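Take a look at the structure below.
Throughout, protein chains are lettered first and strands after them, A, B, ... in sequence-line order, and every chain is numbered starting at 1. Everything quoted here is computed from the prediction, not taken from an experiment.
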There are 2 protein chains.
Amino acid sequence: MNSNPANTTNPNGSGATGEGVSAAVPAAASPTFSPLYQQIKGLITQSLESGEWKPGEIIPSEVELAARYKVSQGTVRKAIDELAADNLLVRRQGKGTFVATHNEDRAQFRFLRLLADDGAEHPHVSRLLECRRLRASADIARQLDLKPADPVVLIKRLLQFDGEVTVLDEIWLPGAVFRGLTLERLSEYKGPLYAMFETEFGTRMIRATEKIRAVAAEPTVADLLRVPAGFPLLSVERVSYTYGDRPVEVRRGWYVTTGYYYQNDLS
Amino acid sequence: MNSNPANTTNPNGSGATGEGVSAAVPAAASPTFSPLYQQIKGLITQSLESGEWKPGEIIPSEVELAARYKVSQGTVRKAIDELAADNLLVRRQGKGTFVATHNEDRAQFRFLRLLADDGAEHPHVSRLLECRRLRASADIARQLDLKPADPVVLIKRLLQFDGEVTVLDEIWLPGAVFRGLTLERLSEYKGPLYAMFETEFGTRMIRATEKIRAVAAEPTVADLLRVPAGFPLLSVERVSYTYGDRPVEVRRGWYVTTGYYYQNDLS
DNA sequence: TAGTGGTCTAGACCACACG
DNA sequence: GTGTGGTCTAGACCACTAT
């Protein structure tokens with residue numbers, strides 16, 4: 001690369017044409033500088049998003065990708081390193097690099113960090129209450145980046161830990177993405193919700209933000225969770241994002257934290 | 001390094017004698033294999049822990065460290081990369097690498113993730129209630145890795161956001177480490193608690209774990225927080241760790257989440 | 001034995017900060 | 001300009017997995 005004669009300025013970005021980084025000298029003076037490995041990272045992300053490599057599948061080896069993008073293996077490595085750190089890819093020494101998935105991993109705990117008081121990670125079972133299609137409220141529309149009154153799907157469910165009702169979830173999804181999602185289909189599917197979204201609707205949840213509060217249980221909620229009205233509950237408002245930081249889920253959860261706690265690590 | 005004639009096996013670890021990695025060929029077949037850069041990371045961590053480089057100070061350049069440890073710059077780089085990812089070091093392009101500190105950064109929010117409903121990060125002021133020395137209960141002793149009845153310091157304080165009382169904290173510290181910590185000294189110090197611990201007691205908080213629950217305010221707590229008894233509060237039980245994963249603080253907090261929320265990012 | 005990711009090296013050059 | 005971290009390359013070898 002260093003001997004590339006076409007060594008004019010490389011105002012970045014422009015070099016991402018899909019099948020090889022074009023005018024890509026290591027770097028060049030420019031107000032908006034983006035290193036090569038970041039461009040490679042973008043190209044790989046595109047392939048992930050487009051479904052060229054699906055969750056659980058292996059992606060081409062570093063050597064192959066280096067040849068494909070016409071960069072050194074080290075540059076591909078750095079791109080993959082970051083994608084692995086972002087939980088988009090999983091490296092396995094001796095085997096290859098794989099697209100991360102909600103299906104196999106122990107990715108369960110990653111999005112529901114509820115532990116028993118003894119620190120154990122108990123399994124839970126879901127009990128579906130309803131699944132309706134309706135029009136987005138202004139609030140939900142804003143959070144899902146939709147227009148008000150756009151179609152959305154609303155799911156309500158309970159989670160039981162050791163038979164105890166512990167979590168009530170209300171989940172809003174963009175109707176356009178989740179066509180054909182019915183209560184029946186939900187109840188047929190075995191495994192985590194996010195695994196289903198990924199497998200059945202091609203939408204992979206990448207990251208989420210949560211707003212956590214303590215609230216008093218309202219009568220209807222208290223009823224479902226089998227606690228007295230006014231009982232202190234953990235309120236968890238989550239927005240989940242997929243590729244490109246596009247929001248694809250709003251979730252409002254109420255957790256009974258008697259015997260269980262929400263685990264968080266600050267580092 | 002590859003031409004090192006002393007090319008016997010390197011059962012790792014042994015090569016860390018303080019002033020250069022001794023028998024350190026890139027690697028060697030061995031059941032407990034640890035790469036060179038991990039050993040370098042350990043040596044750097046030792047220098048941080050021993051106070052050779054203090055919080056806020058600059059550490060030697062990558063080239064200098066490479067010479068000191070007799071490895072390539074790339075290997076030092078990888079060690080520093082991880083330490084920076086762990087928030088022990090901070091890299092600044094063109095200037096150097098610095099020891100992280102609770103004094104300057106915006107490290108405030110890192111350990112108190114309370115935001116106003118509008119998402120703004122409001123400043124807060126602390127109002128000290130008391131600072132006593134007493135003997136550790138069995139529970140506190142266990143969490144601080146002390147023997148029961150060992151001396152501990154207990155601090156109680158309130159935090160006000162925009163003048164509103166929002167947080168009540170009870171903080172337990174090992175008495176042996178925090179000698180001479182008095183309410184007067186606490187009240188004199190300007191800035192975050194962790195900054196004081198770092199500056200005045202040489203103890204730097206590296207990471208923490210939190211257990212979060214919703215609880216009903218008990219009368220004494222409710223009084224201090226100016227809410228009715230039974231009011232739903234966020235209960236946050238934190239254990240903080242310093243170098244070597246040694247626990248050095250147990251903190252029990254009660255948060256009023258009216259107008260504020262605890263922000264958490266899942267990724 | 002072959003292929004993959006993981007480590008280590010050495011050298012070149014770029015971007016940034018500061019005198 | 002000088003020094004720092006940041007990027008990129010090329011090549012060697014190690015560790016792990018599968019065949």
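- Contact annotation: A:Arg77 side-chain N/O to C:dG5 OP1/OP2 distance is not under 4.0 Å.
- When each of D:dC16, D:dT9, C:dC16 is scored by its nearest atom to the side-chain atoms of A:Gln93, the top-ranked nucleotide is D:dC16.
- The CZ atom of B:Arg91 sits 13 Å away from the P atom of D:dT4 (whole-angstrom rounding).
- Side-chain proximity of A:Tyr37 to D:dG5, D:dC8, C:dC8: nearest is D:dC8.
- Defined by atom type and a distance below 3.5 Å, a donor-acceptor pair is missing between the side-chain atoms of A:Glu198 and A:Thr203.
- Counting only N and O atoms by type, the side chains of A:Glu210 and B:Tyr261 include no donor and acceptor under 3.5 Å apart.
- Closest to the B:Glu62 side chain, of the nucleotides D:dG5, C:dG6, D:dC8, is D:dG5.
- The shortest distance between the side-chain N/O atoms of A:Arg92 and the OP1/OP2 oxygens of D:dC16 is not below 4.0 Å.
- The pair B:Asp86-B:Arg207 fails the salt-bridge criterion, with no side-chain N (NZ, NE, NH1 or NH2) lying under 4.0 Å from an Asp/Glu carboxylate O.
- When the nucleotides D:dA18, D:dG5, C:dG5 are ranked by their closest atom to the side chain of A:Lys95, D:dA18 comes out on top.
- Going from atom CD of A:Gln39 over to atom C1' of D:dC8 covers 12 Å, rounded to whole Å.
- Counting to the nearest Å, the C1' atom of D:dT7 and the CD1 atom of A:Ile80 are 17 Å from each other.
- Atom CG in B:Leu36 sits about 12 Å away from atom P in D:dA15, given to the nearest Å.
- Between A:Phe197 and A:Phe178, the ring-plane angle classifies as perpendicular under the 30° and 60° cut-offs.
- Between the CD1 atom of A:Ile58 and the P atom of C:dG3 there is a distance of 14 Å, rounded to whole Å.
- In terms of phosphate contacts, B:Thr97 brings a side-chain nitrogen or oxygen within less than 4.0 Å of OP1 or OP2 of D:dG5.
- One finds no salt bridge joining A:Arg246 and A:Asp145 here, because no Lys/Arg side-chain nitrogen approaches an Asp/Glu carboxylate oxygen to under 4.0 Å.
- Here the P atom of nucleotide D:dG3 and the CG atom of B:Leu65 are 17 Å apart, to the nearest Å.
- Between C:dG6, C:dA15, D:dG5, one nucleotide has an atom nearer to the side chain of A:Phe33 than all others, and that is C:dA15.
- Atoms CD (A:Gln38) and C1' (C:dC14) sit 16 Å apart, rounded to a whole Å.
- Between the CD atom of B:Glu82 and the C1' atom of C:dC8 there is a distance of 15 Å, given to the nearest Å.
- In the set C:dT4, D:dT7, D:dA10, the nucleotide with an atom closest to the side chain of A:Glu64 is C:dT4.
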